[in-house]
Protein chains: 2
Amino acid sequence: MSPRPKIGLEIPTILEAAGELANQHGMQEVTLANLAKKLNIRPPSLYNHFDGLPGLRKKLAIYGLEKLYNDLVTAAIGVSGNEALLSISKAYIHFARKYPGLYEATLMAPDPEEMEVQQAGAKIVQLSVQVLQSFHLEGDLALHAVRGLRSILHGFSALEQKGGFKMSLDVDKSVEIVIIAFIKGMKDL
Amino acid sequence: MSPRPKIGLEIPTILEAAGELANQHGMQEVTLANLAKKLNIRPPSLYNHFDGLPGLRKKLAIYGLEKLYNDLVTAAIGVSGNEALLSISKAYIHFARKYPGLYEATLMAPDPEEMEVQQAGAKIVQLSVQVLQSFHLEGDLALHAVRGLRSILHGFSALEQKGGFKMSLDVDKSVEIVIIAFIKGMKDL
DNA sequence: TTGATAAAACTAATAGTATTAGTTAAAATA
DNA sequence: TATTTTAACTAATACTATTAGTTTTATCAA
């Protein structure tokens, strides 16, 4: 028969396959049936690794959030101020564009309140806080700024993914202008 | 047997029921089975009104977009400048909050490129353009601004819906500050 | 090396889903 | 009143996740 994979090596393999499936065909195609077919196993076998489809979605969400976080950290290294803000913004948008299914997965956890999901998301928020700190926003303004930044980045990512920007106008340029305008406005408020 | 409903009255009835289902339990619960149960008919009967689940989702998306547009128009009447911008922004956020499932539906059309869906969405973009016109942004800046406004509003709506804002800080206040900062920054760019 | 344990695959069966085909009854229309 | 159309229905199919119980394989201990 086919060889049995080792423990601990299996889960990342499955997540990678699920990620590919998501990126190529969207999260709605990430079914246990499709995933099992891609891995050449029978669907029930997946229950040895995940707690069903909800369990898979949760793990895939965390996987995606961590991968996104890594990209953002890389983008934030060695830069500061406006440059850092633009750098992580572009990294965020590019991640969603390059891994559309994985980005989709980060928002499809069955229970976003789950500790592990929460923590993976919190690291990204924390990074945003750090990058925004150099702008010295006072009091609650810093908190509103974090929300604004997240909303802008997610808004652009989601709308681009849904084909919301039809005009022949560079989306990256739009993000740059909007982010710069936003932070300038927050400082001068 | 049970009485047959009249034509033309049936589709809005079904969409209203589907909308309630979506708002109460999320779009993933808007199945032909659940909808049929709510309407006291058998699932195949729905095929007399819609082209299956994709057809229902398309019609529900248009229904939601038109309802959203109406709310935005109402909010834009008799106001201008910053006041108009804030008014439609709040109306947008409140719509997504009050009809979470319907808002979700506006983004779940099987083919967002479809003419009717496109048109329903275009009216909202058009309204945004009108509201932003009073700020006299030059050239492409106006186009970037429309994208920015949409992204901010959708970003806030989506993240709030996913439970993304955990801090005890008024989300409406965040929207107000971010929108004002954004437009001020665009003017002063 | 051998025997026990645990991991991870399997088959079989169940329940729920959309969907299609073909049928029937009611309503609208000529 | 007769015909046509509308919109319901039943029955059947094919897919989905999921559970239960089984078997094979690898790991680990004596």
Side-chain angles (χ1 to χ4, degrees), chain A residues 1-22 24-63 101 104-105 108-111 114, chain B residues 1-22 24-63 101 104-105 108-111 114:
Chain A
M1 294 290 138
S2 56
R4 303 296 164 84
K6 294 187 182 179
I7 326 166
L9 195 78
E10 189 64 12
I11 287 186
T13 303
I14 298 179
L15 289 180
E16 222 170 298
E20 282 177 26
L21 223 46
Q24 288 168 7
H25 306 104
M27 271 300 284
Q28 80 287 347
E29 291 298 316
V30 179
T31 64
L32 296 187
N34 283 339
L35 183 55
K37 197 171 294 172
K38 192 180 175 78
L39 294 166
N40 283 309
I41 58 176
R42 260 22 83 196
S45 304
L46 290 167
Y47 285 78
N48 289 314
H49 305 282
F50 301 107
D51 197 3
L53 191 56
L56 171 63
R57 288 189 174 145
K58 173 188 160 186
K59 283 231 184 314
L60 200 57
I62 295 167
Y63 176 71
E104 206 184 344
M108 278 194 64
D111 181 11
E114 264 268 350
Chain B
M1 289 293 140
S2 54
R4 302 297 164 87
K6 294 186 183 178
I7 327 167
L9 196 78
E10 189 65 11
I11 287 186
T13 303
I14 298 179
L15 289 180
E16 221 172 298
E20 283 178 26
L21 221 47
Q24 289 168 5
H25 306 104
M27 271 300 284
Q28 80 287 345
E29 291 298 315
V30 180
T31 63
L32 296 187
N34 283 339
L35 183 55
K37 197 170 293 172
K38 191 179 176 79
L39 294 166
N40 283 310
I41 58 176
R42 258 25 78 195
S45 305
L46 290 167
Y47 285 77
N48 289 315
H49 306 281
F50 302 107
D51 196 5
L53 191 56
L56 171 64
R57 289 191 174 143
K58 174 189 159 185
K59 283 229 185 316
L60 199 58
I62 296 167
Y63 176 71
E104 206 184 342
M108 276 194 66
D111 181 11
E114 265 269 348

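Every heavy atom of this structure was used, including side-chain atoms; hydrogens, water molecules and symmetry mates were not. In the text below, chain A, chain B and the rest are named by the order of the sequence lines, each starting its count at 1.
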| query | Considering all heavy atoms of both residues, which atom of A:A61 and which atom of A:A109 are nearest to each other, and what is their separation? | reply | CB-CB, 3.9 Å
| request: Looking only at non-hydrogen atoms, find the nearest pair between B:A17 and B:L35 and report the distance. | output: CB-CD1, 3.9 Å
Quickly work out the [X] [atom1] to [N] [atom2] distance and round it to whole Å.
{"X": "B:F50", "N": "C:dA18", "atom1": "CZ", "atom2": "C1'", "result": "15 Å"}
{"X": "A:N40", "N": "C:dA9", "atom1": "CG", "atom2": "P", "result": "12 Å"}
{"X": "A:R42", "N": "D:dT24", "atom1": "CZ", "atom2": "C1'", "result": "15 Å"}
{"X": "A:N48", "N": "D:dT25", "atom1": "CG", "atom2": "P", "result": "16 Å"}
{"X": "B:I41", "N": "C:dT24", "atom1": "CD1", "atom2": "C1'", "result": "16 Å"}
{"X": "B:L35", "N": "D:dA7", "atom1": "CG", "atom2": "P", "result": "15 Å"}
{"X": "A:K37", "N": "D:dA14", "atom1": "NZ", "atom2": "C1'", "result": "12 Å"}

| remark: Taken in chain and number order and not counting sequence neighbours, the residues that satisfy side chain to side chain contact (heavy atoms under 4.5 Å, CB included) with A:A22 are A:M27, A:V30
| note | side chain to side chain contact (heavy atoms under 4.5 Å, CB included) filter on B:E29, not counting sequence neighbours, yields B:H25, B:N34
Check this one for me: any side-chain N or O of [X] less than 4.0 Å away from OP1 or OP2 of [N]?
{"X": "B:Y47", "N": "C:dT19", "answer": "yes"}
{"X": "B:S45", "N": "D:dC9", "answer": "yes"}
{"X": "B:H49", "N": "D:dT6", "answer": "no"}

| task | Output the residues of residues 53-60 of chain A in contact with DNA chain C, where contact means a heavy atom of the residue under 4.0 Å from an atom of the strand; sort by number or write none. | result | none
| task | Go through residues 26-34 of chain A and report each residue with a non-hydrogen atom lying under 4.0 Å from DNA chain C, sorted by number. | result | none
| request: Using five pairs at either end of the helix from C:dT1-D:dA30 to C:dA30-D:dT1, determine the angle between the two local helix axes and round it to 10 degrees. | output: 10°
| message | Taking the minimum atom-to-atom distance to the side chain of A:P44, which one of C:dC10, C:dT20, D:dA7 wins? | response | C:dC10
| message | Test of understanding: with salt bridge (charged side-chain N to carboxylate O under 4.0 Å, His left out), list the residues that count as partners of B:E114, not counting sequence neighbours. | response | B:K58
| Non-neighbouring partners of B:E20 that pass salt bridge (charged side-chain N to carboxylate O under 4.0 Å, His left out), sequence neighbours left out | B:K38
| query | Roughly how far apart are B:L39 CG and B:L32 CG, rounded to 0.5 Å? | reply | 11.0 Å
| field | Gap between atom CD of A:E16 and atom CG of A:L60 - 0.5 Å precision | value | 11.5 Å
Atom pairs and distances, donor-acceptor, side-chain atoms in residues 41-57 of chain A, under 3.5 Å, two or more places apart:
from  : atom 1 : to    : atom 2 : distance (Å)
A:S45 : OG     : A:R42 : O      : 3.2
A:N48 : ND2    : A:S45 : O      : 3.3

